[in-house]
Amino acid sequence: MIHIGLTGWGDHPDIHEQEHMYRNKLAAYAAHFPVVELDAAFYSILNEEQYQKWEKQTPENFSFVVKAFQAFTGHDRKQYTRKDIKSMFKDYQSGIQPLLDANKLNCILFQFPPWFKLSKENVNRLRFIREQFDQYDLALEFRNRTWFEDPARESTLKFMREEKWVHAICDEPQAGEGSIPTVPEVTNVKNTLIRFHGRNVMGWNQNGNENWRKVRFLYHYNDEELEEWRDQILTLKENSNQITVLFNNNSGGDAYHNAKQLQRLLNIQYENLNPSQMNLF
């Protein structure tokens, strides 16, 4: 099973210009793709009612990759007691329960910041998180290359397999310590996550540019690059029951087109999505 989608459903005019029948952008999105990344969960702990609303806008076979709250990954740079963080874990888990009940939780994505380096303290932090989320499928994405530099690479992969982390494999610019190489390895047979961030080396780091966040993911994958990934995905699929692919290169609106392009290359036709507007012209 290979599910292809995008990071977020709101910022894709090519979808919303087509699907005039839908008042809600998520429902329109779900006429095109079977999976989406839910980024809002990174910024706040959402309640059950919000997740129920989103669940009802999507078909039965749809799934969400839900991002972990920023306090869990250290993006907010705040210090919490173990009691406080456990309380937040509990609130977060209560919120996403409607997705679990509907069998629509693909995984929870723990994407760590560039300053989350390989260290004993951070390994223990990962173990603690895994213990608190032992009944959930968790994906792990690093943004610091120390985890995959030799000789740490094999130890990192071994640790992820032992702790049952889903590997979030990244295609991203090679732009120093705050980026990671593409490591095409399966660490959990249930699922493998692939995230396409683009290859905009100049835009990846801030470099003093005011519009850094707007252009960071400005990149269009060409045919040759996606053909290479088609072959790599088929190889990964030999050892993974599910492959989840998310395109994040949407600073210029390229994610939608690249996702459709990869879908064609893999000869995938998704069934049982939301009905799509018929294009008569």
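Residues Ile169 and Val35 fall into different hydrophobic clusters, defined by Ile, Leu, Val, Met, Phe, Trp and Tyr side chains chained together at heavy-atom separations under 4.5 Å.
Cation-pi contact between Arg125 and Phe112: absent, since separation from the ring centre below 6.0 Å together with deviation from the ring axis within 45° is not met. In this structure, Lys260 is positioned above the aromatic face of Phe33, its NZ or CZ under 6.0 Å from the six-membered ring centre and within 45° of the axis.
Side-chain N/O atoms of Asn191 and Asp137 include no donor and acceptor closer than 3.5 Å. A side-chain donor from one of Asn258 and Gln261 sits under 3.5 Å from a side-chain acceptor of the other. Residues Glu225 and Tyr219 bring a donor and an acceptor atom of their side chains to less than 3.5 Å of each other.
Relative ring orientation between Phe217 and His197 is described as tilted, the plane-to-plane angle lying within the 30° to 60° band. Ring geometry for Phe247 versus Phe196: interplanar angle under 30°, hence parallel rather than tilted (30 to 60°). Ring orientation note: the planes of Phe110 and Phe72 are close to parallel, at an angle under 30° on the 30°/60° scale.
Every residue meeting the ring pair (Phe, Tyr, Trp, His ring centres under 6.0 Å) condition with His75, not counting sequence neighbours, appears here in chain and number order: Phe42.
Using modelled atom types, no side-chain atom of Ser63 and backbone atom of Lys104 make a donor-acceptor pair closer than 3.5 Å. In this structure, Asn61 contributes its side chain and Glu271 its backbone to a donor-acceptor pair below 3.5 Å. Between the side chain of Gln263 and the backbone N or O of Ile268, at least one donor-acceptor pair lies under 3.5 Å. When atom types are taken as modelled, the side chain of Ser240 and the backbone of Leu236 share no donor-acceptor pair closer than 3.5 angstrom. Remark: side-chain polar atoms of Trp204 are not paired, donor with acceptor, to backbone N or O of Gly176 under 3.5 angstrom. Of the possible donor and acceptor atoms, none in the side chain of Thr156 sits under 3.5 Å from a partner among the backbone N and O of Phe148. Not a single donor-acceptor pair under 3.5 Å links the side chain of His167 to the backbone N or O of Thr187.
Contact record, Asn274 with Gln57: ND2-O, 3.1 Å, taken as the closest heavy-atom pair. Heavy-atom minimum distance, Ala255 versus Leu6: O-CD2, 3.5 Å. For Gly253 against Asp14, the heavy-atom pair with the smallest separation is O-OD2, 4.4 Å. Considering every non-hydrogen atom in both Glu172 and Cys170, the closest pair reads OE1-CB, 3.5 Å.
A distance of 14.5 Å separates NZ of Lys86 from CG of Asp91, quoted to the nearest 0.5 Å. Once rounded to the nearest 0.5 Å, the distance linking CG of Asp11 with CG of Asp39 reads 11.5 Å.
A salt bridge between Lys158 and Glu162 is present, with a side-chain N of the basic residue lying under 4.0 Å from a carboxylate O of the acidic one.
Residues Tyr51 and Glu55 are not in side-chain contact: their nearest non-hydrogen atoms beyond the backbone lie 4.5 Å or more apart.
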